[in-house]
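The next block holds one structure in the form of structure tokens; read it before the comments.
In what follows, chains carry the letters A, B, and so on, assigned in the order in which the sequence lines appear, proteins first and then strands, with residues in each chain numbered from 1.
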Amino acid sequence: ETGVTQTPRHLVMGMTNKKSLKCEQHLGHNAMYWYKQSAKKPLELMFVYNFKEQTENNSVPSRFSPECPNSSHLFLHLHTLQPEDSALYLCASSLLAESEQYFGPGTRLTVT
Amino acid sequence: EDQVTQSPEALRLQEGESSSLNCSYTVSGLRGLFWYRQDPGKGPEFLFTLYSAGEEKEKERLKATLTKKESFLHITAPKPEDSATYLCAAGGYNTDKLIFGTGTRLQVFP
């Protein structure tokens, strides 16, 4: 596999479920990001990890919990979500925090 | 407050009809201005990075330019396959964050 991969591509979950999104980058990058993309809104940065250390938490509710076990993998753990959390969740990586970011295909999340 | 504004929100062009997309930014100490292309249901695809006013970059029918307040993405003789949403983002020196605009949805008709 090349680039940035995300699984699953689609996820439907109830408000009481717990699920996790996975991201893997095959680019040898050192920074990884989670974004939320909702219709008619700009991309919203959620979390940044730089060399496995979390450097940014953009006031994200605690029902979203990130995990970065190494520079190639990033997870987003989800629990007790709300319907307004339905969106496209994008993972990205960059060589350095100030470099251009490369995005994965996203996970389309629907909360029922 | 750092901000990025893109215009127009949507643009319909006839094949071969050249035009420009605008990205206005307000960022304290710009370290880079980034352009992306996003197709429906996919993640953004990186196009260009511009670092300083006066810089230009080209790729096929696309040319990006940068001034101290805005960036333009010029599309020359577009084809239907250029149809996509084009996003710009600005990064400042004192942050790892990129501030994204809401994008311009481009449709090119044959």
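- The choice from B:Pro44, B:Ala89, B:Gly43 that makes the most heavy-atom pairs within less than 4.5 Å of chain A is B:Pro44.
- Linking Ile, Leu, Val, Met, Phe, Trp and Tyr whenever their side-chain heavy atoms come within less than 4.5 Å puts A:Phe64 and A:Met32 in one cluster.
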Side chain to side chain contact (heavy atoms under 4.5 Å, CB included) between B:Leu98 and A:Leu45, worked out: CA-CA 8 Å; B:Leu98 287 184; A:Leu45 179 67; over 6 Å; no
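- Only the side chain of B:Glu9 has a heavy atom closer than 4.5 Å to any heavy atom of chain A.
- In this structure, the portion of A:Leu88 lying under 4.5 Å from any heavy atom of chain B is its side chain and not its backbone.
- Among B:Arg105, B:Gln38, B:Lys42, B:Glu45, the residue with the largest count of heavy-atom pairs under 4.5 Å with chain A is B:Gln38.
- Taking hydrophobic clusters as Ile, Leu, Val, Met, Phe, Trp and Tyr residues chained together by side-chain heavy-atom distances below 4.5 Å, B:Phe100 does not share a cluster with A:Tyr89.
- Using a 4.5 Å cut-off between heavy atoms, A:Gln6 makes no contact with chain B at all.
- Only the backbone of A:Ser99 comes within contact range of chain B, with heavy atoms under 4.5 Å apart.
- Cluster membership check: B:Phe48 shares its hydrophobic cluster with B:Leu106, using side-chain heavy-atom separations under 4.5 Å among Ile, Leu, Val, Met, Phe, Trp and Tyr.
- Taking a 6.0 Å sphere around OH of B:Tyr93, one finds it holds 12 or fewer heavy atoms contributed by other residues, nucleotides or ligands.
- Atom CD of A:Glu100 sits about 4.0 Å away from atom CZ of B:Phe46, to the nearest 0.5 Å.
- Contact of A:Glu98 with chain B is made through backbone and side chain together, with heavy-atom distances under 4.5 Å.
- By the 6.0 Å contact criterion, CZ on A:Arg63 is enclosed, its count of non-hydrogen atoms from other residues, nucleotides or ligands being greater than 12.
- Linking ILVMFWY residues whenever their side-chain heavy atoms come closer than 4.5 Å, directly or via other members, leaves A:Leu27 and A:Leu95 in distinct clusters.
- For B:Ile99, no part sits under 4.5 Å from any heavy atom of chain A, backbone or side chain.
- Note: the hydrophobic cluster containing B:Val108 also contains B:Leu11 (ILVMFWY, side chain heavy atoms under 4.5 Å, direct or indirect links).
- The backbone N or O of A:Phe103 lies less than 3.5 Å from no partner atom in the side chain of B:Tyr36, so there is not a single donor-acceptor pair.
- For the set B:Thr49, B:Val4, B:Thr102, the count of heavy-atom pairs under 4.5 angstrom toward chain A peaks at B:Thr102.
- Of the listed residues (A:Arg9, A:Glu56, A:Arg108), the greatest number of heavy-atom pairs within a distance under 4.5 Å of chain B belongs to A:Glu56.
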